[in-house]
J.: 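Got a structure for you, written out below as structure tokens; questions coming shortly.
Below, read A as the first sequence line, B as the second, and so on, with proteins coming before strands; counting in each chain starts at 1. As a basis for the values below, the full set of heavy atoms in this structure was taken, side chains included, without hydrogen atoms, waters or symmetry mates. Here the structure is a predicted model, which is why all the values come from computation and not from measurement.
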Amino acid sequence: MCDTCGCGDPEIVPVEIHDKILAGNDRTAAHNREHFRESAVVAVNLMGSPGSGKTAVLEATARRLAGGQRLPPQRGCRVGGPGLGALAGDLATEHDADRLRAAGITAKSITTGSACHLDAEMVHRGLHDFPWRELDYLFIENVGNLVCPAVYYLGQAVNVVALSVTEGEDKPLKYPVMFRKADLVLLTKTDLLPHLPDVRIETIADALARVMPRPAYFPLSARTGEGMERWLEWLEHLRVLQGSIEASALQT
Amino acid sequence: MHEYSIVQALVERVDAEVRARQAIAVHRLSVRIGELSGVEVELLTTAYATFRERTVCEGAELDVRVVPARWECPDCGGAIGRGDLLRCRLCDVPARLAEGDEIMLDRIEMEVP
């Protein structure tokens, strides 16, 4: 009530909030993150344009690991390398999940309808009826899009962005939000470089250093295998790192 | 077009505040959007104009304050110029984003009984 004059009229009050609009999403993401940490699952949010080679990178990863170049098994009961799983965000189809399953990855589609990104709740629902606790790595293959997915934290340990050399050298400068969030950029489809005389890796690297404070990238070809060793080492390092973080968290 | 989903989260948050304070009406929302937040202000205002219909925000103006991206050195505090390499030349350390990634609801002006 207006208490200046006691007239009984309603009063307009400013209420200070100063909170993130997506605080609800962040809470669900923190919940997902807690699940992943408890079960020692390394969650990787894989983003990139449509056709940047996200699915191909995962297929090649599975092929490598099935082909004898395995990471040392860390889970007590598993023999023969780490367990790979994927939640594939897709607007309308099951194509990516089908491809991933054919490559030997435990995969499930999250069909987003018209949504241009995954959010933490979609990932949380995606974990239901999915044997994610048995995995060492859960790849969250986001919807192909260089804008929207960067806005939503899902509970992942890291963000990886696939940028194919055919997309143009200036993409990092055009989409700084996405690349700022990246922990690693995979410069994919490098087998096509001989056909792209105007594209130079150095130029892409320079662009990345203007949008990523800690630029981390390397060339990779899912077709020829270039860069795959380095990618697997990076993933293994991540698992060891997450393991040591969990261990130190337990000690304190 | 994730701006629709941002507006949805915004309206839900306002709705919760309105219920908590038993407000009669909402007059104005003040939000802060960073240049590097990934939110396009024009799309956000369009989404808001569409989505607020038949919600608690139907009569509420949306004030948007845009925050330019500002990078600085975490050690010496020196500013990193727009478009420069994101590394302090003096201290040789990665730059830090001081501001410019906000997607914040700052204030709700509401009518209370």
J.: For H237(A), I'd like to know if atom NE2 has over 12 heavy atoms of other residues, nucleotides or ligands within 6.0 Å.
T.: no
J.: Do M212(A) and L86(B) touch side chain to side chain, with heavy atoms closer than 4.5 Å?
T.: no
J.: Below 4.5 Å from any heavy atom of chain A, which atoms of L97(B) appear? Answer side chain, backbone, both or neither.
T.: side chain
J.: Looking at L173(A), D119(A), I17(A), which one has more heavy-atom pairs under 4.5 Å with chain B than the rest?
T.: I17(A)
J.: I want to check something: taking the side chain as every heavy atom from C-beta on, are L36(B) and V177(A) in contact at a cut-off of under 4.5 Å?
T.: yes
J.: What residue in V93(B), L10(B), D106(B) has the most heavy-atom pairs under 4.5 Å with chain A?
T.: D106(B)
J.: Mind listing the closest non-hydrogen atom pair of P94(B) and P213(A) along with its distance?
T.: CB-O, 3.3 Å
J.: Are there over 12 heavy-atom neighbours, none belonging to Y153(A), within less than 6.0 Å of that residue's OH?
T.: yes
J.: Compare all side-chain heavy atoms of K20(A) with those of M104(B) and state whether any distance is below 4.5 angstrom.
T.: yes
J.: Give a yes or no on this: more than 12 heavy atoms of other residues, nucleotides or ligands lie within 6.0 Å of atom CD of E202(A).
T.: yes
J.: So for A150(A), is it side chain, backbone, both, or neither that comes closer than 4.5 Å to the heavy atoms of chain B?
T.: neither
J.: Sort I24(B) into side chain, backbone, both or neither according to what part of it lies under 4.5 angstrom from a heavy atom of chain A.
T.: side chain
J.: At a heavy-atom separation under 4.5 Å, does V26(B) approach chain A through its side chain, its backbone, both, or neither?
T.: neither
J.: With a 4.5 angstrom heavy-atom cut-off, could you sort out which part of E17(B) is near chain A: side chain, backbone, both or neither?
T.: side chain
J.: Name the region of R21(B), side chain, backbone, both or neither, that has any atom closer than 4.5 Å to a heavy atom of chain A.
T.: side chain
J.: Check whether C116(A) gets within reach of chain B through its side chain, its backbone, both or neither, counting any heavy atom under 4.5 Å.
T.: side chain
J.: Closest approach of P14(A) and R107(B), non-hydrogen atoms and distance?
T.: CB-CD, 3.9 Å
J.: Carefully, step by step, assess D206(A) and L85(B) under the rule side chain to side chain contact (heavy atoms under 4.5 Å, CB included).
T.: CA-CA 8 Å; D206(A) 180 79; L85(B) 297 175; 3.9 Å; yes
J.: Count the heavy atoms of every other residue, nucleotide or ligand shown that sit under 6.0 Å from CD of Q22(B), and state whether that count exceeds 12.
T.: no
J.: Heavy-atom distance under 4.5 Å to chain B: side chain of Y175(A), backbone, both or neither?
T.: neither
J.: So, do I6(B) and V151(A) sit near enough that their side-chain heavy atoms are less than 4.5 Å apart?
T.: yes
J.: Please test H2(B) against V147(A) for side chain to side chain contact (heavy atoms under 4.5 Å, CB included), starting from the C-alpha separation and ending with a verdict.
T.: CA-CA 9 Å; H2(B) 55 291; V147(A) 182; 4.0 Å; yes
J.: Can you check whether I21(A) reaches V7(B) side chain to side chain, under 4.5 Å on heavy atoms?
T.: no
J.: Looking at chain A, which one of E12(B), E40(B), M110(B), R13(B) has the largest number of heavy-atom pairs inside 4.5 Å, strictly under?
T.: M110(B)
J.: Is there a side-chain contact between I12(A) and R28(B), using heavy atoms and a 4.5 Å cut-off?
T.: no
